[in-house]
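Heads up: the structure comes next, in structure tokens.
Below, chain A is the first sequence line, B the second, and so on; all start at residue 1.
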Number of protein chains: 2
Amino acid sequence: MARRSDHSREELREMALTAAEKIVVEQGYEGLSARKVAAQIGYTVGTLYLVFENIDDLILQINARTLDRLHARMTQPHANSIDPRDYLVQLGQAYIRFADEDPHRWAMVFEHRLAEDRSLPAWYQEKVARMFAMVEQGLQPLAGRHSQDDVLQASRALWGGVHGICILALSDNLGVAGVDSVQQLTESLIRNYLKGFTGD
Amino acid sequence: MARRSDHSREELREMALTAAEKIVVEQGYEGLSARKVAAQIGYTVGTLYLVFENIDDLILQINARTLDRLHARMTQPHANSIDPRDYLVQLGQAYIRFADEDPHRWAMVFEHRLAEDRSLPAWYQEKVARMFAMVEQGLQPLAGRHSQDDVLQASRALWGGVHGICILALSDNLGVAGVDSVQQLTESLIRNYLKGFTGD
DNA sequence: CACAGCACTGAACGGTGTTCAATAGATTTT
DNA sequence: AAAATCTATTGAACACCGTTCAGTGCTGTG
């Protein structure tokens, strides 16, 4: 029996999340289970429920971390001093690279569906919004005479597009092998879309 | 106990698939279970395993039917006698409409992941390829001086894009409410991409 | 040193996919 | 018609899943 107060709630939470992430990275979404996480950190399943509302909650916390990692990756390209088109391509490619390097972690963000009725908490939606905002800002210099609404719509279409390519590629539904081809597809999508958007 | 030979293997298979589809349509992927399907058709779970290899197999069969339905929907717009651009937009919108009208059925095609190592059977991949082929053909009239490879790549980028918008929209990650807005996004993606692709 | 409080346990519940010895109903043989 | 054979179907069993909560035993307090 793990001693009482060996670890604070916060420590427990941290240990559990780290252990769970390890399982996900190695075995994917399907490989994750409350009992496995508990065993990894030397506690029993009941304890997990003192720290997390339920398994969905735990998954959401991991996905939040994944979104943070992804965001960090996408902050590496710098908007200043390069062509806006190149910047957006770099954003897209950072996204693809992230998904390729850590497919299990990435996939869980999109494979995890919460119960039909329940919706994602605001703080989580915020993290998603933050990524769309990056695209929106990257698109801004190319706005020309487009309205703000147009830019918003374009950023969504564009990012949805990149995401779609990423999904299909990772599930082998694109008949495309290797990251390089996927990167090319992404670049094709972005550059052609932008050509259409800016109208030249 | 259901009488011996009340139904042929083929009838059993048909009954099971129909029952399973009903469950999926009503309750989604998560709501599906071998026992529920068996109960629906008046047999016990063991019998299902005489007809299907396992639950993944059953799901794959349903997904194959879904792909057929989707394909039928996408065959309704006619390539002849309209502008190729309009045709591709119609294809995209048929896709979105299908996903919107039957989200559970559609979602299962993409939510279902088979074990890491196993890959989709050839006859199934064929059905996926058939859909990409439609896009490729729709794109052909706009090929101009592009190589065949370019057209192939463009069709994948384009379709991946439509798919991505569809996914994000259905999981409420686009902050877009209502089918109409999604249709607009799709049209934006396709028309702008095509403008870039054809270069005018 | 006793005791109260509570961190933690782990068995229990109802679910899942999957297997396979046993059964019961149909068919064939006697 | 009865007996024997055959086999489609059963359903209990297994190992897992998420979740709950009465009980246990450690720990800080009085």
Side-chain angles (χ1 to χ4, degrees), chain A residues 1-17 19-21 23-24 26-63 104 108 111-118, chain B residues 1-17 19-21 23-24 26-63 104 108 111-118:
Chain A
M1 188 168 171
R3 294 284 196 73
R4 175 179 168 187
S5 303
D6 257 8
H7 305 283
S8 71
R9 279 288 121 97
E10 198 44 52
E11 282 173 328
L12 225 55
R13 194 188 117 95
E14 202 56 32
M15 288 162 64
L17 284 177
E21 276 187 296
I23 294 173
V24 170
E26 288 170 0
Q27 309 175 43
Y29 183 43
E30 318 274 286
L32 188 66
S33 88
R35 282 175 177 82
K36 278 191 200 167
V37 174
Q40 280 276 329
I41 63 173
Y43 282 79
T44 57
V45 313
T47 305
L48 277 187
Y49 285 81
L50 301 172
V51 181
F52 301 98
E53 218 177 295
N54 50 38
I55 267 294
D56 275 10
D57 181 27
L58 188 151
I59 291 174
L60 204 70
Q61 307 293 334
I62 298 178
N63 286 348
H104 286 151
M108 197 169 74
E111 284 175 5
H112 179 243
R113 297 260 152 280
L114 16 68
E116 199 83 10
D117 47 346
R118 307 184 52 79
Chain B
M1 187 172 175
R3 294 283 200 74
R4 174 178 166 186
S5 303
D6 259 7
H7 305 282
S8 71
R9 279 287 120 100
E10 197 42 52
E11 283 173 326
L12 226 56
R13 193 187 118 96
E14 201 57 31
M15 288 161 62
L17 284 177
E21 276 187 297
I23 294 173
V24 170
E26 289 170 0
Q27 309 176 42
Y29 183 43
E30 317 274 288
L32 189 65
S33 88
R35 282 176 178 82
K36 278 190 201 168
V37 173
Q40 279 276 329
I41 64 173
Y43 282 79
T44 58
V45 314
T47 306
L48 276 188
Y49 285 81
L50 301 171
V51 181
F52 300 99
E53 219 178 293
N54 49 40
I55 265 295
D56 274 10
D57 181 27
L58 188 153
I59 291 174
L60 204 70
Q61 307 293 333
I62 298 178
N63 286 347
H104 286 151
M108 196 169 75
E111 284 176 4
H112 180 243
R113 299 257 153 281
L114 17 67
E116 199 83 10
D117 46 345
R118 307 184 52 79

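- Residue A:L12 places its side chain closer to C:dC8 than to any other of D:dT10, D:dT19, C:dC8.
- Contact annotation: A:S33 reaches the phosphate of D:dC17 (side-chain N/O to OP1 or OP2, under 4.0 Å).
- Side-chain contact between A:D6 and A:Y43: present, with at least one pair of heavy atoms (C-beta onward) separated by less than 4.5 Å.
- One distance of note links CG of B:L17 with CG of B:L12; it measures 10.0 Å at 0.5 Å rounding.
- Exactly one residue among B:I62, B:L60, B:N54 makes a side-chain contact (heavy atoms from CB on, under 4.5 Å) with B:L58. That residue is B:I62.
- Looking at heavy atoms from C-beta onward, A:L48 lies out of side-chain contact with A:R35 at the 4.5 angstrom threshold.
- Closest approach of B:V37 and B:A16 over heavy atoms only: CG1-O, 3.7 Å.
- Spacing between atom CD of B:E53 and atom C1' of C:dT19 amounts to 15 Å, rounded to whole angstrom units.
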Tabulate protein N/O versus nucleotide N/O from nucleotides 11-13 of chain C, keeping only pairs under 3.5 Å, one per line.
{"from": "C:dA12", "atom 1": "N6", "to": "A:R35", "atom 2": "NH2", "distance (Å)": "3.4"}

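- Regarding A:Y49, its OH atom lies at a distance of 18 Å from the C1' atom of D:dA22, rounded to whole Å.
- In this entry the distance linking CD1 of B:I59 with P of C:dT16 reads 13 Å, nearest Å.
- Nearest nucleotide to the A:Y43 side chain, out of C:dT9, C:dT19, D:dT9: C:dT9.
- Distances from the side chain of B:L50 to the nucleotides D:dT9, C:dG17, C:dC8 place D:dT9 closest.
- Which of C:dT18, C:dG10, D:dC17 sits closest to the side chain of B:N54 comes down to C:dT18.
- Distance, B:D6 CG to C:dA24 P: 17 Å, rounded to whole Å.
- Taking atom CG of B:L48 as the reference point, atom P of D:dA8 lies 16 Å away to the nearest angstrom.
- Computed from coordinates, the B:M15 CE to D:dA8 C1' distance equals 14 Å when rounded to whole Å.
- The side chain of A:A34 sits closest to D:dG18 out of C:dG17, C:dA7, D:dG18.
- End-to-end axis angle of the helix from C:dC1-D:dG30 to C:dT30-D:dA1, using five pairs per end and rounding to 10°, comes to 30°.
- A:M15 CE to A:E11 CD: the interatomic distance, rounded to the nearest 0.5 Å, is 8.0 Å.
- Rounded to an integer number of Å, the gap from CG of A:L32 to C1' of D:dG18 is 12 Å.
- Side-chain atoms of B:K36 lie closest to C:dT16 of the nucleotides D:dG18, C:dT16, C:dT9.
- Taking CG of B:L32 as the start and NE2 of B:H104 as the end, the distance is 12.0 Å to the nearest 0.5 Å.
- Not counting sequence neighbours, A:E30 has no partner by the salt bridge (Lys or Arg N to Asp or Glu O under 4.0 Å) test.
- Atom CZ of A:R13 and atom P of C:dA7 are 18 Å apart (whole Å).
- Applying the side-chain contact (heavy atoms from CB on, under 4.5 Å) test between B:I23 and each of B:E21, B:Q27, B:E26 identifies B:Q27 as the sole match.
- At C:dA7, none of the side-chain N or O atoms of A:T47 fall inside 4.0 Å of OP1 or OP2 (strictly under the cut-off).
- Minimum interatomic distance between A:Q40 and A:A19 (heavy atoms only, all atoms of both residues): CB-CB, 3.8 Å.
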